[in-house]
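What follows is a single structure, written as structure tokens, with notes after it.
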Amino acid sequence: MLDIYHWEPNANAGKPLLAALEKGVDFESHYIDMLAFDQHKPEYLAVNPAGTIPAMVHDGTLIFESTYMIDYIDMAFEGPALRPTDPYELWRMRWWCRFFDQYVGPATSQLGWSTFVGPMVRERDQEELKAAIERIPLKERRVAWSKAIYGTFSEEELTESRARLMSGIAQIDTALADHDWIAGNQFSIADLAGFMMLFGLPVMFPEAANDTRTPNFMGWLRRTARRPSVQKGLSMGKNARFAQRFKELLDGEGGADA
Amino acid sequence: MLELYHWAPNGPWLKPLIVIAEKQIDCILRPIDVLAFEQYGDGVPPRSLETSLNQEGEGPLLVQNGRQLTESFFISEYIDSACADGPALRPTDPIAFNRMLAWARFANEVFMPGVNTLGCRKYLAPQLAGKKMPAGVLDKIELSFVRDAWQRAYANDYPNAMIEDSRRKIGLALDRIEKMLADGPYLLGQDYSLADIDAFAISRSLPLLAADLVEGRTRWTEWMARIEARPPVQKSLKIGNWEKPETAFAPGPEHARWG
């Protein structure tokens, strides 16, 4: 039995969900409401002591790291391959996954949390929020949540994140000039992980990602968005704002030719 | 034809050297002097899109038939997957494979930045004292965090908070290594793998950089000796005849900006 604990099909939470759908693997979906801090409650900590979303458990074993949960699904189950067999394309898949996870991902999260998650959470009771922060097991996550909730990202941090996205999205656009998918001609883990991390950018930060400046990037987002697995995954969300972003991406300028 | 541009057998440069020796692969070794910035000179081919944005900071460059690869762990995975000869260094069990990749990510984001910060402060900054970065080099470094790390080393500017945070990260890594060694002689259990090579290469400087943090770590100490005793590892550590390769440091991966 494969159990996937996820929030909205967005960023890390969506990676194992979409991978299981892409691979055609049966799984049990457990919706964890991140904005209600379900991920720090004892019943969830019993599944994943780190208190982070997503979590994936296969026959009682906890599988680590959202990007590598996709790798695991690809290795452990039958279905279409999500990793290239060519070693150089495999390397390129890894390289871009790292670029998404460590370079542009954190910058995207920072913008998303400062403009989206933070304001939504701030509507809650102050004492309840304080207690919720104190329950977070990992120090890094405690600091991140605290900054998101109280809106204390420094202007310097946000400026650096925007600069990183301006160059990072242009670099992805260049990489996609010669091939349809990130690693080459085959859809792979890098496309799933990158899409989940970045599909909100055209709406959240249109200066960096738009059809004039980064047409290859936009075409790739839409190509990925049209995959049946991605459509199915996105329909499993409960928060209308994510569905709206998805719709805006597909309906946007140039959407018809991608 | 495989060519590896490398510096001293320490940290990121050591990993592919060990993999090549373990698998007994023909590879042309091209040593470069990182402190003379030869990696940005004419002796190394102009970088591809990906390798110009090396997330590892300074590190090895592998070239095969004009294709370039960086990031020491992923270079190691590439060599293991591209060269069927020699022992397999990646597990076939999906759970063990997941543990290996999860280790590599933790090492890239937590362990390497921690060790690298202490190493650059102790061994790189003193060598740069009173010197200026050669003209034009800074413009050739694409990533701002790598430029910043070089300038930090020239200025010998390592605030206490940064040192303490690095030591905390090294402590987390040692805890994790010892926990993984509870189930066998190697990080993934019974079989030697790329995870051992990765963790060994990063760990090798610790007795010099943070002796108090490794003291009493029996499992870690025994495991380090077990890896170091392997003939391919011994051979790799002698490449270039460095007297103390474990003191060779240059700017590495950035500290994660977001937990």
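We name chains A, B, ... by the order of the sequence lines, and we start the count at 1 in each one.
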Residue A/R164 versus chain B: region with a heavy atom under 4.5 Å: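 Side chain only.
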Is the B/Y78 ring parallel, tilted or perpendicular to the A/Y88 ring (thresholds 30°, 60°)?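 It falls in the perpendicular class, over 60°.
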Start with the C-alpha distance between B/E50 and A/W96, add both sets of side-chain angles, then the distance that settles side chain to side chain contact (heavy atoms under 4.5 Å, CB included), and finish with yes or no. CA-CA 8 Å; B/E50 288 91 357; A/W96 284 99; 2.9 Å; yes
B/E71 with A/R92: basic N within carboxylate O range, under 4.0 Å: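 So B/E71 does not pair with A/R92 through a salt bridge.
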Just wondering, are more than 12 heavy atoms of other shown residues or ligands nearer than 6.0 Å to CD in B/Q24?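 Open.
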With chain B as the partner, which of A/H58, A/E65, A/Q102 has the greatest number of non-hydrogen pairs under 4.5 Å?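 Going by pairs under 4.5 Å, I would pick A/Q102.
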With a 4.5 Å limit on heavy-atom distance, are the side chains of A/P87 and B/R67 in contact?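 No, too far: nothing below the 4.5 Å cut-off.
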So B/F73 and A/R94, side chain to side chain contact (heavy atoms under 4.5 Å, CB included) or not? Walk me through it. CA-CA 10 Å; B/F73 180 83; A/R94 295 276 187 238; 5.9 Å; no
Which heavy atom in A/Y68 sits nearest to a heavy atom in B/A102, and how many Å separate them?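 Taking A/Y68 first and B/A102 second, the nearest heavy atoms are CD1-N, 4.0 Å.
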Under 3.5 Å: donor-acceptor pair, side chain of B/N98, backbone of A/Y72: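 Such a contact is absent between B/N98 side chain and A/Y72 backbone.
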With no hydrogens and no angle check, is any side-chain donor or acceptor of A/W91 less than 3.5 Å from a backbone partner on B/T70?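 Such a contact is found between A/W91 side chain and B/T70 backbone.
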Determine whether the side chains of A/W95 and B/Q55 contain a donor N or O and an acceptor N or O closer than 3.5 Å.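 Checked: A/W95/B/Q55 side chains show no N/O donor-acceptor pair below 3.5 Å.
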